[in-house]
Structures are given as structure tokens and as C-alpha cells.
**Q** 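Once you've had a glance at the structure underneath, I'll fire off some questions.
Just so it is clear: chains get the letters A, B, ... in the order the sequence lines come, proteins before strands, and each one is counted from 1.
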Amino acid sequence: MRRHVGRNVTRPDGAAKTAGSARYVDDLVWPGMLYGRTIRSSIPCGDITGIRFAFDRTGFTIVGADDIPGPNVVSLITDDQPCLASLAVQHVAEPVVLIAHADPERLLAASVEIDYRPAEPWFDAATSTHVFKHVRIDKGSLDEGFARADLVVEGEYRTGHQEHLYIEPNGMIAVPEQGGITIYGSLQCPYYVHKALCRLLALPPDKVRVVQAETGGGFGGKEDYPSIIAGHAALLALKSGRPVKLVYDRMEDLLATTKRHPSVVRHRTGVRRDGTLVAMDIDVLMDGGAYCTLSPVVLSRGCIHATGPYRCDHVRIDGRVVRTNTPPNGAFRGFGAPQTLFAADVHMERIAEALGLDPVRLREQNALRPGDVTATGQTLGPDTAALDVLRATIERSEFHRKRRAFRGTTRGIGMSLFFHGSGFTGSGEAYLASKASLELTDRGVRVLAASTDIGQGQRTVHAQIVADTMGLPLAAVEIEAADTAFVPDSGPTVASRTTMVVGELLRRCAEAMRSRLGSRSPRSFRRAHGPLVITMQYEPPPGLVWDDDTYRGSAYGSFGWGCEVVEVEFDPVTFEVRPTRVTTAQEVGKAIFPLGVRGQIEGGTAQGLGFALLEEVVMRGGAMANAQLTNYIVPTTLDTPPMDVVILERPYAYGPYGAKGVGEMPFDGVAPAVVNAIRSLGLDLRQVPATPERVMAAQPIVAAGSPDPAHSMRNDRRKKRA
Amino acid sequence: MKKQPAKKAATTITFVLNGKRVALRAHPMRRLLDVLREDCHLTGTKEGCGEGECGACTVLVDGQAVNACLVPVTHVEGARVSTIEALNGRHPLQRAFVEHGGTQCGICTPGMVMAAVALGPRPTRTQARIGLAGNLCRCTGYEGIYRAIKAAGKPVAKRSLEPGRQPGADRGGQRGRNKT
Amino acid sequence: MVPLAGCTDIYVGLNAGAPVHTRYLDLWRLDELRGIHRAHDVLRIGALTTYTDIIASRLVGRHLPMLVAAAHEIGAVQVQNRGTIGGNIANGSPAGDTLPVLAAADAIVELQSRDGVRKVRVTDFFTGYRTSVMRGDELITAVEIPAVDGMQFFRKVGTRAAQSISKVVVAGVRAAQPRVSFGSVAPTVVRVPLTERALANGASMSEAQRILQTEIAPIDDIRSTAAYRRRVAAGLLAQFWSSTS
């Protein structure tokens, strides 16, 4: 019975948040608590030759690399990143020493000097030879494809760093307890932190407990980074024997924590006169910063999405993510796809310009349809909705009428078509082997999952799914805190998987539990049989086959689909581009909490507008030079336009009630739509952020593309033979 | 964590906090934000940047929205200070924020709600955009916030934050107002 | 000894690691430094007048509307409620948004010390980047603006639509002798006398824009580039001229 799924229920955490009583890390205090501070490198590359403590150390706890009980490593994918630098540093703001004191004033006044023997840093990703990961995707034969092309269009597209700018900076509290440690943190993935700390501190799993505090935004910025700051807080807590609060101020958070990977993506595309894509040759370069972190997976997702939501028989995607001596980059909403989807859809616009084709017609012609095969060889299912979102958005936005009306004025309109695979790539979900549980209570059930609500409404959606599956009122479903002492490892809260994957686990738990209960109420069942906990583990959908070595197969269980139209106003005096309206249709399988889905689309769009127009990380000497909110600019109310959002549903057979993911996709389509709107003004822009300075420097558009000389020669030879 | 002035130079500051008169000892240059969170244990007001850019620390001082991270506590001597806790979770805006998607992660919400209170009754969307331009939200794209403000209709007038006071009440000789 | 008014800047500096002063002079309670009055064609604005006060003032709205325009563009509501015009002058940032208004209006800064009162034209007040003729024992007490004849113009080009530091900011008065002042294009706010004279003498706009480039010295910085500032300043000059004709 669907009493809650698909309806706008009252989100259970809303009252505390609006009352100001929800507790974030910095709101928590412990008796005897110390404050922690991280001493960081001031150079981008070099050996550490000495550390001097030029202050009275009374009452101070000091931790260096030598104090680490386990391996000095931040556990993620590759063991290349130290928790604390010991012999050398590879980037500015790399953590070297930790200090703690009960008096924040004395803590801040303490002067720690680090001596270095500087080495030559490497900042240029294009020439970096240290490759964290190389990905290659092949489909068909490029030669065959280009032989059929009437025109070849080439282009290079660039995106820069982006900062998550969660309004709550990173923070942790570590509390030593009976030979172990408890962490309260602003985080997305309690079990990532748990795993990293067990290793770092050489503690068994039952001696490490990680609890998510109310978290003020994540966007991926609290996916991998928390393992570092939690490790730091824990080391200080264990050495001092006291609780330690380690909370970053905004400047430190901006300087030291992860950012979106900058990218350079090159396209060389063969097209026929009628717009059919016949060959796509794509080169992807991403800058990973100084350590590997999650770069291989970011590159992977970026490459898999690199063609855009278009079909083409002959594709080659070659991607690499490399090291530079800058603070390591990490997860950020979209996770590689925004970078490559930006390139793909601005490139499509340039193809339309070159062929003199209507940009919508070009997208329509090439959009993936059910039954089509992607670049990795995945046959798409009936829930493929590219054409649906395209038509819905183009019609609702009055795209063609406005495009004609805006010609020759200072108003522009642009579109993008995009898609986003839900869940971990390929065998990733099978590898995670996530679990979730339901525990019977007297009133109803308790959800036990490691998923974290970071604003997106996880608590609400999980409760709705369980309530409806069990036929319970919403209030009878309790959501346990994301506390590793009580919940199983449901995997991280990332990759748009929390509804689709973990929600489905909970739905299966609820189904099984309802079966067990039969006609008994929870209370009477408990009286009769005692406690009941049902756990379900991830099962891949049937037929989901993926080869990590060849990058072939079904990359994701399902894709969400989106189309975006952005209208802009251009000021020829200041070169400012102001978005005036956004219209978007996005297909999400099933909107379990429609208000939540709308919120993700609206919020992701605003963040995308920042990425497209405003947000620039200015790097000088390998460090963020504009590490203050005064100078790192995110959109205010006056920078965001009205947003007209349409939610479409093409149910996914293996998602709970048909749901796919939605957290990331809304971000993907904004930058290309904005740049395409600027292109509609006649300005040749291929980069974001499209700041006024860049817009001022943009050349007028000259229609791209040239007949491939090799193709012409081949045709001449054939004609001669004939 | 901010550089804090020396503790030893504390002075007594007396002001009205959420309708109640309080007197506390603090260095006059301590930020109002820290005094509220640490001394008064009112952690509803949040710190997002310490630069007056994000508005998460918005409180009302004599009915005006200010960034508590930029106000030295000595400046509220004799003033009326209202934080999110003054609303007791019962203000129509608070309910509306929940029901209409005005709050997601919630960290900007207390400051946003206080700034929305300062907008006065039934602001237009344009007035809301201007009045909230100093409050950053990274989750909602602001649309849910406009919906919430519209749905809240006529918010309870500011006077009810402190029972018994009328709007435009004389504030004694502390601060003159310009007469033009 | 650091005098404090609205404090919208001091904590930003402290948080960024500027030295913690041990002595502050808190002016906030000095009501004598508040008030907006007009007498004998002179608009007198007390140093502690906030931007919100300016926006609300009918006197300023009638006699110096370009100052109201500037006040609207500073920060957002929270900053406008506390930031003061005296603070904007004393801070002396080349990007201070009220400064081009005051310079174009030939405003006078009133300074007081134990030795008495001193009045200095805004255009003589700043001597270099964040430096002025103000002595360590002086306080800004008011700013006086003589009657402004002619249409007033103000435009700020910031990094975004609100809460931004200006990349270029301009104020102008259209009269037989036009007055134009720019901020963020030199170490201090500047008037552009040669450009003004050219316009007064009927030069073409492109000629005036060419002369303008000799009177400004913008730099590349964290927010923008010299090239952008030059181009936009030229465009703003034209916009001033065409919108006040």
C-alpha cells in the first residue's frame, strides 16, 4: 500500500534543524575536552629537515608520524598518502604535526616551525608523467568510423577545480574509551572512517566506533577526507587520553581539503551531413593532485560518461589521471561525469554549428534509446529516457521560439542533454557487498543502515520505503543513527546509491519482516518470539556483467536522464552573464520523496551554476590563493534564477518502487547548458567557469569542422578505381 | 578557531537575550557568536566562515539582522538580541521550511530563518532575494526557501519574539536613530 | 590603538591571521557621530551612519541618491546594518564602494582630535594604498557633501550580484563640468580630471575613453585582471554619459 512513497511526507529531521537544536560536531562538547590543530606544510614539494617547537609545551599534546601505531597511511585505494608527512611533503597544506591543548588561545599562539629542503614541484598536469590510472574504452573501429564521416569536428574543453563549500566545515571529535576510540564526525561514510582508523591505530574493529553527527552538507567533500581528519583527532585523543575536538575554520578547509578534479577533454568526432555521429575519439586528462585518493574511480566514471548520452558505433576513449604537487582532489557530486559531460555537450553544440543543424535535432538524432548499446557495450533497458526528457524540456522551455526571438539581442538560450549512472561502477556494488537491517521494535521497526543523511533526505526516503512495504505508519519507523556500533556496513553515501541500492536492501528486509510477522503486530510478535533483526545483502541485478580489465559490459544497473535549458542575459559593458531561467526535466525512476528529488535538482542546479559561472580556485605556487569566502564565490539568492523543474519516472526494475538515483545528475547538465547559451550569443567559449574576464576574451564563433583530408583522398582513390 | 583576545580583560555585559535579561563577563572584543555558543550554550547559531560572508551566524540585534561573527559582544550592551532559540520551534517559518524544502542539511537554516524573520510580513520573491542575499545555502538552490517564505504567509510580527514589547519601541538613550 | 565602528572588517582580518591588537577604541556608543542633517545646502552624514541608515534616509535619497545606490550594493543586509560610512573611509580600501561617490561629489571628511577640527577633501584624503592624511590621534567624525548639481550615476561591477568586492566601481555627476570617480582601478579611489575636461569640452566618447586609460592604473589581482578593468572602466564611462544625457 503506497501511503508514503511518492508523497511529500514531513521529513523527520526537519523540526530539529529549523529549531536550531540539531547537533553538528562543533555544537558538541565533552568534559575535559582538548582542541586540536594541524600544522601543515608551507611548500609544495620537498624534504622535511627539521621540526622546531618554539613555545612552552606545558599542557600540550604533540603528535607526529612516529606516534602512529599502525601504518602511516590514509586507507583508500592506493597506500600512497601518509596520514602525517614524515620525511617529505608533496603539496602545500599537507599535514605534518598535530598539537592539542585545553585552551584554544594557547593552541593558536603555539608556533611550530618546519624546515625544508625544497624540491622542484610539478604543477602542469598535461606534462606530468606520474599516472595514477589509465582507462581505455574501445568500441568498433575508429578508422572505419572516420571513413564514413562527411565532416570531422575537433575541440578541447576545460574545467577547473571546484570547492564543495558545504556551509559546515570539516570537523571531528575523538573520544578515547577503554582501549579504543569513538569518533563523532561530520561525514558521509562511517565505515570508510572505521576501516581507515582500524588500520592507522592498529585496533580491532570492535575497538573503533564511528558515529555520524548531524552533517552540514557533504557533496562528496566528506566522503574520503574524513578519514584523514578523524585519524588526526584520534591520534591526539589516544596520546593525551582526553577527548579532542578538531574542527577546521573555513580558510583551513578551503586550503587543505579535496576539490573537484580539473580536466582537459579533447574530442575528435566524425559526423555525417545529416548529423549522425559515426566516430568519437575522446581524450580525457584529469589532475589528481599529489596523492591517488579516489582518482582512479573519478576517471573511470568520467570516461564511461565521456560520449554523452549519445549512440555511436565507433568509439575510443583514452583517459588518464595524473599527479601534480597540489592538494589531492577527491569526490565531488558527479565524480568525473560533469567534466566529461561538459565537454561532450559543448562539443555537440559545435557540431550543430558546423553542420548548420538545429541543436535539438542533433541531440534527438543521436540520443541513446532503449536497446541501444553504449560505448562499454551495455544494452540499455526500457527505462532509458533521453528522448523523453529532451522533448519535455524543449517544449516546456519554448526553446525554439525563444532562440529565434533572442537572435541579435543580448539574451541567450542553451541546452544540454545528460545522463548519470546510479550506484558504483561495474563490479563496484558487488565488491561493496552492502548490508542493511531492520530491527523489530514494539511500535514498529528500526532501520539499521550506515547511510548518512547529509541533507538529501535519506532518513525520510528510507522510512517511506520501509513504512509502505510493511504497511506501517511513518512514525512507527525509526532511523538509527549512522553508528558503526549498531549498523551494518551499507556502503558509503555516495554515487547516488542511497535510495536505489540501500533503499532496495531495506525494502527486501521489510518484505521479509512483514512475511515473518504475518498478521501479528510488532509488539505481540516480540512478546511471543523475542527480538527480530533481518539483514539483507546486495545482490547484483541479473545479467549485470562487467570486466574491469577491458572496461566492457554493463557499467551501471541503470542510468538517470536529464535535459536542461538555461536562459541568460549578457551585459556587453561588463561581460557578465546572468542566468535568468532554468527549465529542466529529469528522469529518476521513481520519486519516492518528490520534495527531496526537487530539492536535489534545484540545489544541484545552483551548484552547477556556480561551477559554470562563478567558482574559480585560484592556484598560486600550488596553493589556493583565494581561500576565503570573500574571494571564492558561490551563488547567492541574487545569482540564481527561477527554476522550473519537471520530474519524470521510468521505473527501474531493480530499484525500490522503481527508484534510481538523483543526487548527482542535476549537477551534470548545468555547465554545458550555460556555455551553450553563451555560444548562442556568438561567443566561442569552451571552458568553465565562464567568468566575465573569459567571456571578454572569447572569440566570435567561426563554424567548426573540416572535411577529413584522408577521407577525401580515399574517396578520390575509390572513384578512380571505379 | 579564531584568535581570541586575552581573557584577563573581561568586563560585564548586560543585554536582553531572547526576552530575558542576562549579565555575563567576557572580553569586550569576543565575538557575539562565541559568547552565544560557548557562554550562553545556545548552539543554534552556526559558524560557517567567520568572515560575514555566509550568514549562518545571523541573529537579530534590536530587530536587525547582523552577522554575529562580526559583532563584538560589547556592542550588544543594552540591546535586545534574538537567536533562533527565541522562536521555540513554533514560528510559522520554521514549520514552512520543513514542509516546503527550505531545509536540507540544516546548517544554514537558523541563520536563514532569522534573516527571513527580519524580512517582515509577506515579502515578495524579490524582497526575499534581496533580504536573504547575505545567507548562503549550498543545498536548496534557494527555491525551497522562497516556497517556505510564501507558505508561511504573514509571519508573526517581530514584537512577539519578546512578549510585551511593541514594534518601534524606544530603546532608551543607547542608539539614536536618524530623523530625516 | 584601533578605532572600531561597525566592525564588519576587523574580524575578517583577525580570522585571516592579521595581528591581534591589544587596544581598541570602541566608537559604537557615540551617538554624536550619528545623524544625517542638511543645512545651508550641505548634507552632513555622521561617521557612524550605517548603510541601512543611508538607504532609509529621505535626505540622502533626495540629495545624494548615488550614495543610496552604493549602500544597496555593499555586502548584504547584515553588513549594511552595521557597516558605517566612516568605516568605509577609514578602511581606505581602493575598492570601498562609497568612496567614488564621495570623490565625485567633492565631499569633505571631517576629522577631530584634541587639537580641534580639520576638514580635508576626499580627493586629498588618500595618499596611497590604504594610507591617508589622517593622524593617529584623529577620528573621522562626519562627511559633508555640498549640493550636487546634475544627474548622478553609480555602478558597481562586483564578483557576483551581492556580497561582493568590486572589480570596478564608478560614480559620476553629469553637469557642464562633469565629475567622474573610479574605485578598484588604482591604489586609491581616483577622480579623472583629464577625462572630465575632455568630456566638458565636447570630446568624442572614444577620445574620452582613451584619455581615461592614462588616468587609471588597474592591476591583475585575485579577483580580476587589469585588461578587464580597463575595458569595463571605458564601458562604464560611456554608460555614465549615455544614461545621464
**Q** How far does SG of B:Cys49 sit from CG of A:Asp253, to the nearest 0.5 angstrom?
**A** 12.0 Å
**Q** With distance as the sole test, does B:Gln104 use its side chain to make a donor-acceptor pair with the main-chain N or O of A:Gly599 at under 3.5 Å?
**A** yes
**Q** Do A:Tyr166 and B:Ile107 have side chains that get closer than 4.5 Å, going by heavy atoms?
**A** no
**Q** Given a strict heavy-atom distance threshold of 4.5 Å, which part of B:Arg129 is in contact with chain A: side chain, backbone, both, or neither?
**A** both
**Q** Using a 4.5 angstrom heavy-atom cutoff, name the option from A:Glu252, A:Gln607, A:Lys17 with the most pairs to chain B.
**A** A:Lys17
**Q** Would you mind checking which part of B:Arg95 comes under 4.5 Å of any heavy atom in chain A, side chain (CB onward), backbone (N, CA, C, O), both or neither?
**A** neither
**Q** Of the backbone (N, CA, C, O) and the side chain (C-beta and beyond), which part of A:Gln600 lies under 4.5 Å from a heavy atom of chain B, both, or neither?
**A** both
**Q** Chain A: which of B:His41, B:Glu51, B:Arg37, B:Arg147 shares the most heavy-atom pairs with it under 4.5 Å?
**A** B:Glu51
**Q** Side chains of B:Leu136 and A:Leu629: closer than 4.5 Å at any heavy-atom pair?
**A** yes
**Q** What are the two closest heavy atoms between A:Gly20 and B:Pro110, and how far apart are they?
**A** CA-CG, 4.1 Å
**Q** For A:Pro594, which atoms come within 4.5 Å of any heavy atom of chain B: side chain, backbone, both, or neither?
**A** neither
**Q** Is there a donor-acceptor contact under 3.5 Å linking the side chains of A:Glu602 and B:Thr140?
**A** no
**Q** Heavy-atom distance under 4.5 Å to chain A: side chain of B:His100, backbone, both or neither?
**A** backbone
**Q** Between A:Ile454, A:Thr630, A:Val645, A:Thr605, which shows the greatest number of heavy-atom pairs under 4.5 Å with chain B?
**A** A:Thr630
**Q** Is B:Ile145 in contact with chain A via its backbone, its side chain, both, or neither, using a 4.5 Å heavy-atom distance?
**A** neither
**Q** Among A:Glu168, A:Glu615, A:Glu163, whose salt bridge (Lys or Arg N to Asp or Glu O under 4.0 Å) with B:Arg138 holds?
**A** A:Glu615
**Q** If you count heavy-atom pairs under 4.5 Å between each of A:Gly457, A:Gly610, A:Pro635 and chain B, which one has the most?
**A** A:Pro635
**Q** Picking from B:Gly144, B:Gly106, B:Gly44, which has the most non-hydrogen pairs under 4.5 angstrom with chain A?
**A** B:Gly106
**Q** If you compare all heavy atoms of A:Thr18 against all heavy atoms of B:Thr103, which two are closest, and at what distance to 0.1 Å?
**A** CG2-CG2, 4.0 Å
**Q** Does any heavy atom of chain A fall under 4.5 Å from the side chain of B:Glu99, the backbone, both, or neither of them?
**A** both
**Q** Considering all heavy atoms of both residues, which atom of B:Cys105 and which atom of A:Tyr24 are nearest to each other, and what is their separation?
**A** O-OH, 2.7 Å
**Q** Quick one: which of A:Pro169, A:Pro642, A:Ala15, A:Ala22 has the most heavy-atom pairs under 4.5 Å with chain B, could you say?
**A** A:Pro642
**Q** A:Ala19 and B:Gly89: which non-hydrogen atoms are nearest, and at how many Å?
**A** CB-CA, 4.1 Å
**Q** So do the side chains of A:Ile167 and B:Met112 get within less than 4.5 Å of each other, counting heavy atoms only?
**A** no
**Q** Where on B:Arg90 is there a heavy atom nearer than 4.5 Å to chain A: the side chain, the backbone, both, or neither?
**A** neither
**Q** Using a cut-off of under 4.5 Å on heavy-atom pairs, state which of A:Asn8, A:Asp26, A:Thr215, A:Leu609 scores highest against chain B.
**A** A:Asp26
**Q** Check each atom of B:Ala133 against the heavy atoms of chain A and say whether the ones under 4.5 Å are side chain, backbone, both or neither.
**A** both
**Q** Evaluate the side chain to side chain contact (heavy atoms under 4.5 Å, CB included) criterion for residues A:Val582 and B:Glu143: first the C-alpha distance (whole Å), next the side-chain angles of each, then the deciding distance (0.1 Å), finally the verdict.
**A** CA-CA 12 Å; A:Val582 168; B:Glu143 291 290 314; over 6 Å; no
**Q** Return yes if some donor-acceptor pair links the side-chain N/O of B:Tyr142 with the main-chain N/O of A:Ala606 below 3.5 Å, else return no.
**A** no
**Q** With a 4.5 Å heavy-atom cut-off, do B:Cys54 and A:Arg250 have their side chains touching?
**A** no
**Q** Regarding B:Lys46 and A:Glu214, does a basic nitrogen lie under 4.0 Å from an acidic carboxylate oxygen?
**A** no
